[in-house]
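Labels below follow one simple rule: chain letters A, B, ... track the order of the sequence lines, proteins then strands, and each chain is numbered from 1.
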2 protein chains.
Amino acid sequence: MVATIKDVAVKAGVSLGTVSKVINGDPSVSDKRRERVMATIAALGYSPNSIAQNLRTANSKTISVLLANITNPFQMALAKGIEEVAVAHSYNLTISATNEQSAKELESLAMFERNRSEGIIICSTGKTKEKICSLIEKNIPVVMVDRFVPGIPCDYVGDDFSHAIDIALQHLQALGHNRIGIIHGDMNTYHGEYRHGLVLSQMRKLGLSQDKDLHKTGPYTYEQGEQAFRELLAMSVPPTAILAVNNVLCAGAIHAANQSGVTIPDDVSLILINENNFMWDIVSPGITMVTQSPLTIGRRAANIIFERLRNKEKTAFTATLLAPTLVTRESTRSL
Amino acid sequence: MVATIKDVAVKAGVSLGTVSKVINGDPSVSDKRRERVMATIAALGYSPNSIAQNLRTANSKTISVLLANITNPFQMALAKGIEEVAVAHSYNLTISATNEQSAKELESLAMFERNRSEGIIICSTGKTKEKICSLIEKNIPVVMVDRFVPGIPCDYVGDDFSHAIDIALQHLQALGHNRIGIIHGDMNTYHGEYRHGLVLSQMRKLGLSQDKDLHKTGPYTYEQGEQAFRELLAMSVPPTAILAVNNVLCAGAIHAANQSGVTIPDDVSLILINENNFMWDIVSPGITMVTQSPLTIGRRAANIIFERLRNKEKTAFTATLLAPTLVTRESTRSL
DNA sequence: TTGTACGCGTTATCAC
DNA sequence: GTGATAACGCGTACAA
């Protein structure tokens with residue numbers, strides 16, 4: 001059906017090896033023969049079968065990415081950063097999503113392994129530790145991004161979430177807020193719990209209200225953001241400020257505010273930890289945020305993969321934490 | 001280094017073929033042997049090399065997607081729809097982006113071909129027709145999405161953009177608007193020109209102002225949206241309403257309005273053609289829009305691929321146009 | 001039911 | 001500079 005290297009060799013009247021050399025730019029081919037081969041390649045519309053190439057050379061020219069949710073802008077920015085670097089190295093990029101389900105994560109990881117992906121970048125649910133570790137033991141470079149999971153011997157790149165929380169809470173405290181409602185993420189993932197714990201300890205440290213009802217947890221959905229906001233505002237003593245840890249949750253909260261006639265920041269201040277992309281430029285009131293850098297995370301993660309591919313020596317694993325920045329807009333004001 | 005089927009066979013004391021049969025669920029293996037093989041597979045942490053499998057079975061279990069811009073929410077929704085279907089079929093998904101550069105599109109398509117991708121879904125710049133046609137001639141199922149390109153014999157799935165324009169313009173006309181500014185897309189892509197033409201003819205048909213200066217074209221960027229908006233408002237006789245054909249362009253326009261103290265819809269009405277996702281719920285004023293359905297487009301496109309993979313008979317190519325809907329919000333009002 | 005042998009399309013190592 | 005030939009890891013007739 002489709003032309004093979006053999007077809008080219010026969011038609012060009014040369015040997016298989018010669019064609020292979022031409023394809024791979026080996027200089028030890030006479031110009032005459034090279035031209036002839038190139039011409040018949042074009043004539044036949046021959047395209048090297050990289051499956052066979054990969055089998056023979058024992059590599060796949062593929063790196064794989066496991067995202068949490070393909071439609072979240074934050075996650076896609078991650079992917080974009082990775083894609084840039086992969087393309088620059090002429091590598092394929094395979095993308096999957098967990099949708100926060102560890103079963104899907106396991107499946108995807110198994111797929112990556114069967115594919116002989118040369119590197120894997122994971123935004124994990126945190127519940128597939130053994131599988132990830134087994135991949136690492138097989139010397140596949142793994143980089144965890146965004147969500148830290150303890151006990152996995154690999155590189156990590158993410159935002160300094162602890163610092164981000166600190167910035168956010170201190171900003172609110174400086175404005176006089178003490179009762180701060182938190183719209184947390186999913187407690188079914190490790191990093192959800194982890195960040196929850198970080199927030200609690202920071203709040204304690206800063207002497208902010210310890211009221212447990214100020215903490216709402218749930219999946220990373222728009223609806224959850226709405227519900228959490230409503231519940232917070234319905235408290236007998238509602239918070240005077242709210243921190244949302246994720247873009248979608250925050251969007252839900254804003255929508256709930258608009259729907260229920262709650263004015264931000266007059267009735268309650270709102271601050272968000274997320275990437276500061278174009279969409280936050282056009283919501284009004286402008287949302288004060290502590291910025292994350294998913295694009296940079298993606299780039300760094302991919303670069304680490306390629307660096308480990310280039311230099312096989314096992315160097316110490318790195319943990320890269322990107323510094324967050326405060327962007328002050330109209331959604332936070334002093335009490 | 002990593003275990004092969006041979007290692008498993010040796011260690012389990014059976015033949016190569018037996019292991020292969022176990023892996024592929026062939027029933028003609030005695031339970032005793034099967035158990036033994038499974039056990040050593042687990043013990044060795046053996047994972048079938050799908051590169052070798054693919055070479056042998058002459059398929060790649062991969063479909064590839066070429067997006068315009070990985071970070072645009074519209075495009076991500078497309079990818080999401082495709083990913084859902086691919087995962088359901090246990091296929092890999094390879095994603096690339098053109099960033100509107102035909103050179104990059106060519107590279108990616110060549111990569112897909114070398115990978116022996118079993119199906120390709122393309123949101124094309126429109127300038128790689130020959131390459132796409134050559135892939136089709138090699139019997140690779142190709143589905144064009146979102147952006148129609150004429151003269152390519154393949155399936156197409158997209159929104160009914162002509163209808164969408166009609167709905168948008170008629171909505172504005174019904175509100176009494178005659179001078180309507182248009183923030184068009186990129187004239188360097190075929191579909192940019194195509195949609196431009198559609199708008200012009202619809203405006204003529206409806207008897208709207210034919211002033212050429214009402215049409216601003218440029219790349220699909222936030223900055224372009226800002227600039228186009230400013231230019232429109234700076235006209236000696238500015239438009240009373242503006243139509244933006246893309247989310248990012250529209251976001252730029254909104255930002256420019258906020259920056260320059262132009263009030264929507266008091267000073268100018270604004271309508272957008274795009275996916276109605278969560279972000280448009282939280283910008284204020286709410287933007288009236290004609291909705292597109294990228295998620296559905298992605299799903300349909302992927303389903304077409306798998307249907308053509310299942311049924312090799314060449315049936316007629318299909319063109320699926322999804323119906324747009326008007327969602328009225330606050331950004332449009334009568335003159 | 002089980003094992004053997006061949007070939008998928010390519011690269012790499014040889015002799016020539 | 002060139003052309004056989006042996007792998008790469010696996011699936012699958014075919015024979016046993």
Side-chain angles (χ1 to χ4, degrees), chain A residues 1-38 40-41 44-62 90 92 110-111 113-118 138, chain B residues 1-38 40-41 44-62 110-118 138 140:
Chain A
M1 189 87 240
V2 46
T4 73
I5 198 172
K6 203 171 173 181
D7 300 325
V8 177
V10 170
K11 180 150 192 208
V14 300
S15 82
L16 251 163
T18 304
V19 180
S20 178
K21 282 178 182 170
V22 171
I23 292 169
N24 296 295
D26 188 314
S28 73
V29 177
S30 68
D31 288 352
K32 206 182 294 179
R33 282 173 124 67
R34 180 185 309 281
E35 277 177 38
R36 189 137 49 96
V37 170
M38 303 254 280
T40 69
I41 284 180
L44 259 42
Y46 167 73
S47 167
N49 183 333
S50 58
I51 296 176
Q53 290 179 318
N54 294 340
L55 176 63
R56 177 61 229 223
T57 58
N59 63 19
S60 63
K61 290 275 179 192
T62 297
S90 297
N92 298 296
M111 207 144 160
E113 183 179 6
R114 287 195 301 272
N115 292 339
R116 300 297 187 263
S117 292
E118 293 183 46
K138 292 179 180 174
Chain B
M1 189 87 240
V2 45
T4 73
I5 199 172
K6 203 171 175 181
D7 300 326
V8 177
V10 170
K11 177 147 194 211
V14 301
S15 82
L16 234 152
T18 304
V19 179
S20 177
K21 281 177 183 172
V22 171
I23 292 169
N24 296 294
D26 188 315
S28 74
V29 177
S30 68
D31 288 351
K32 206 182 294 178
R33 279 172 127 67
R34 179 185 311 281
E35 276 177 38
R36 189 135 50 97
V37 170
M38 303 252 281
T40 70
I41 284 180
L44 258 45
Y46 167 72
S47 166
N49 182 332
S50 58
I51 296 175
Q53 290 180 319
N54 294 339
L55 176 61
R56 179 63 233 230
T57 58
N59 63 20
S60 64
K61 290 277 180 191
T62 298
M111 205 144 160
F112 295 166
E113 183 179 5
R114 287 195 302 272
N115 292 338
R116 299 300 188 260
S117 291
E118 294 184 47
K138 292 178 180 175
I140 304 172

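Distance alone, capped at 3.5 Å, places no donor-acceptor pair between the B/Lys61 side chain and the B/Ser50 backbone. At distances below 3.5 Å, not a single donor-acceptor pair connects side-chain atoms of B/Arg114 with backbone N or O atoms of A/Pro48. In this structure, the side chain of A/Lys138 engages the main chain of B/Gly45 through a donor-acceptor pair within 3.5 Å.
Taking the 5' to 3' direction, DNA chain C first and last meets chain A under 4.0 angstrom from a heavy atom at C/dG9 to C/dA12.
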Nucleotides 7-16 of chain D: protein proximity per nucleotide (B base, S sugar-phosphate only, - neither; heavy atom, under 4.0 Å): BBBBBB----

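Across A/Ser60 and A/Asn92, no two heavy atoms sit closer than the pair O-ND2, 4.1 Å.
From B/Gln53, atom CD reaches atom CG of A/Asn115 across 10.0 Å, with rounding to the nearest 0.5 Å.
Residues B/Asp26 and B/Ser28 have side chains that bring a donor and an acceptor to within less than 3.5 angstrom of each other.
B/Lys11 places a side-chain heavy atom less than 4.5 Å from the side chain of B/Leu44.
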